[in-house]
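For reference, the structure discussed in these notes is given below.
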Amino acid sequence: MKTLNLFLGILIGLSILSCSSDTDDYGDNGTNPNPPEETMLVYKKASFYENSVLTSSQEVFYNTDKKVEKVVTKIENGWRETTLDVEYNGNTPTKLTKTIDYGSSDDNDTVEEFNITFSDGQIFLDPVNGSDYQVQIGFTGEYVDHVKVIQPSTNIIFKEDVFQRNADNNITSHVISDDNMTFTYSNYDVGKVMPFHREYSIDYLIVFGLKPSEKLPLTETHENTDYSIDPSELVYDSNNNIIREGNDMNYTEFDYVEI
């Protein structure tokens, strides 16, 4: 498994982790005319170190309404930088701009703008320029069920990712149809936060607060080969959130912030 794939999986897409509220100065009877604002602990940044040198990172920025407004992911010492910018109408995301910058080589740089709509457990991303192209994200509650890239006029599917979970909402399989690849998962971590890892990371998910699993699977199987995360290499904070994964030389650090 390539280091890049491993990092992409570990790095992209942490959902909102936990929230807490300050106690009302006047108790629970709601008589305080200016109750303290509720705060949330959210994922802020991930930093990937290879041979103890920072090579890749991801940072999430939030607006004053505590919604994701920007996600910046830098891969392999600036080889590729992806930025997602989100616009809102109130608390509803309405437009997403995805910019990919390939650093010194700008031949493949891209900018895609999408209008966002929601309907019956689906999120639709339609290009602003009216192209016959659409991204469909199916979800149940806070969990993603599938992500499709299709041509609406013909219903041709260019790419599809399908996720299945068990009764505890832990991921059991991820099928990538266009590549004819199937990954299965088991042996789930005890931490309450699940960093996305390996092949099931999709950068749109962090914008919409979706995740493929409740817990982090420590074992992935693909083509009869197991890839495992050593639980002894996971470090947690006092809230049981994962703040580090890896060994002394190659590791990822996760930062969280209260907003």
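Quick note: residue numbers are just sequence positions, from 1.
Between F118 and F208, the ring planes are perpendicular. Angles over 60° get that label, and only those under 30° would be called parallel.
Judged purely by atom type and a 3.5 angstrom limit, N63 uses its side chain to pair as donor or acceptor with the backbone of D65. Side chain of T172 to backbone of Q164: a donor-acceptor contact under 3.5 angstrom is found. A distance-only check finds no donor-acceptor pair linking the side chain of H146 to the backbone of F163 [under 3.5 Å]. The main-chain N or O of S213 is never found under 3.5 Å from a side-chain atom of N169 such that the two would form a donor-acceptor pair. Under the 3.5 Å distance criterion, the side-chain polar atoms of N51 are left unmatched by any main-chain donor or acceptor of V53. The main-chain N or O of L84 is never found under 3.5 Å from a side-chain atom of Y204 such that the two would form a donor-acceptor pair. No donor-acceptor pair under 3.5 Å is formed between the side chain of D168 and the backbone N or O of N170.
Within 6.0 Å of atom CG in D248, 12 or fewer heavy atoms from other residues, nucleotides or ligands are found, so the atom counts as exposed in its surroundings. Within a 6.0 Å radius of CG in N129, more than 12 heavy atoms belonging to other residues, nucleotides or ligands are found. Heavy-atom neighbours of Q151 CD from other residues, nucleotides or ligands within 6.0 Å: above the threshold of 12. Heavy atoms from other residues, nucleotides or ligands lying under 6.0 Å from CG of N247 number more than 12.
Using a 4.5 Å cut-off on side-chain heavy atoms (C-beta onward), D203 and T82 make contact. Counting heavy atoms from C-beta outward, F139 and L205 have side chains that stay 4.5 Å or more apart. For the pair E112/Y133, a side-chain contact is recorded, criterion being any heavy-atom separation below 4.5 Å from C-beta on. The shortest side-chain heavy-atom distance between V144 and P212 falls under the 4.5 Å cut-off. S56 is not listed as a side-chain neighbour of K74, based on a closest heavy-atom distance of 4.5 Å or more. Between L234 and D189 the shortest side-chain heavy-atom distance falls below 4.5 Å. Contact of the D237 side chain with the Y256 side chain is registered, since non-hydrogen atoms from C-beta on lie closer than 4.5 Å.
Remark: K95 engages E113 in a salt bridge (charged side-chain N to carboxylate O under 4.0 Å, His left out) (not counting sequence neighbours). Not counting sequence neighbours, K148 has no partner by the side chain to side chain donor-acceptor pair (under 3.5 Å) test. In this structure, the salt bridge (charged side-chain N to carboxylate O under 4.0 Å, His left out) partners of E59, at least two apart in sequence or on a different chain, are K44. In this structure, the salt bridge (charged side-chain N to carboxylate O under 4.0 Å, His left out) partners of E253, at least two apart in sequence or on a different chain, are R244. Taking Y49 as the reference, Y251 meet the ring pair (Phe, Tyr, Trp, His ring centres under 6.0 Å) condition, with sequence neighbours excluded.
Note that the CG atom of N250 and the OG atom of S52 stand 7.5 Å from one another [nearest 0.5 Å]. In this structure, CG on N77 lies 10.5 Å from CD1 on I75, to the nearest 0.5 angstrom. The OG1 atom of T110 sits 7.5 Å away from atom NZ of K98, with the distance rounded to the nearest 0.5 Å. Atoms NZ and CG, on K211 and L216 in that order, are 11.5 Å from each other to the nearest 0.5 Å. Put simply, OH on Y236 and CD on E245 are 10.0 Å apart, with the number rounded to the nearest 0.5 Å. Expressed to the nearest 0.5 Å, how far CZ of F254 lies from OG1 of T252 amounts to 5.0 Å.
The shortest heavy-atom contact between P217 and I229 is O-CD1, 4.4 Å. The two residues I206 and V68 have their closest heavy-atom pair at O-CG2, 4.0 Å. Heavy atoms only, all atoms of each residue included: V135 and F114 are closest at CG2-CE2, 4.4 Å. Minimum heavy-atom separation, R80 to Y102: CD-CE2, 3.7 Å. In terms of heavy atoms, K66 sits closest to T39 at NZ-CA, 3.9 Å. V86 approaches Y88 most closely through the heavy-atom pair CG1-CE1, 3.6 Å.
Side-chain contact annotation: S153 with D132, donor-acceptor N/O pair under 3.5 Å present. Counted by atom type alone, Q134 and D126 present one or more donor-acceptor pairs between their side chains at under 3.5 Å. Between the side chains of T140 and D145, at least one donor N or O sits under 3.5 Å from an acceptor N or O. If you check the side chains of T221 and D226, you find a donor sitting under 3.5 Å from an acceptor. E214 and Y143 are linked by a side-chain donor-acceptor pair at a separation below 3.5 angstrom, with hydrogens and angles left out of the test.
Linking Ile, Leu, Val, Met, Phe, Trp and Tyr residues whenever their side-chain heavy atoms come within less than 4.5 Å leaves V235 and M249 in two separate clusters. Hydrophobic cluster membership differs between I150 and I137, with clusters built from Ile, Leu, Val, Met, Phe, Trp and Tyr side chains linked at under 4.5 angstrom. Residue F124 is not grouped with residue V147 when hydrophobic side chains (ILVMFWY) are merged at heavy-atom distances under 4.5 angstrom, including chains of intermediate members. Hydrophobic cluster membership is shared by I171 and M181, with clusters built from Ile, Leu, Val, Met, Phe, Trp and Tyr side chains linked at under 4.5 angstrom. Note on I243 and V257: same hydrophobic cluster, where clusters join Ile, Leu, Val, Met, Phe, Trp and Tyr whose side-chain heavy atoms are under 4.5 Å apart, directly or indirectly.
Taking a 4.5 Å side-chain heavy-atom cut-off between Ile, Leu, Val, Met, Phe, Trp and Tyr, the cluster of F61 extends to V72.
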Exercise. Let me see the working for N115 and T117 under side chain to side chain contact (heavy atoms under 4.5 Å, CB included), right down to the final yes or no.
Key: CA-CA 7 Å; N115 289 320; T117 56; 5.6 Å; no

Quiz item: Where do V60 and Y43 land on the side chain to side chain contact (heavy atoms under 4.5 Å, CB included) test, with the steps shown first?
Solution: CA-CA 7 Å; V60 183; Y43 163 59; 3.6 Å; yes

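Cation-pi contact between K215 and Y185: absent, since separation from the ring centre below 6.0 Å together with deviation from the ring axis within 45° is not met.
The one candidate from V207, N89, I123, T94 that meets the side-chain contact (heavy atoms from CB on, under 4.5 Å) condition with I116 is I123.
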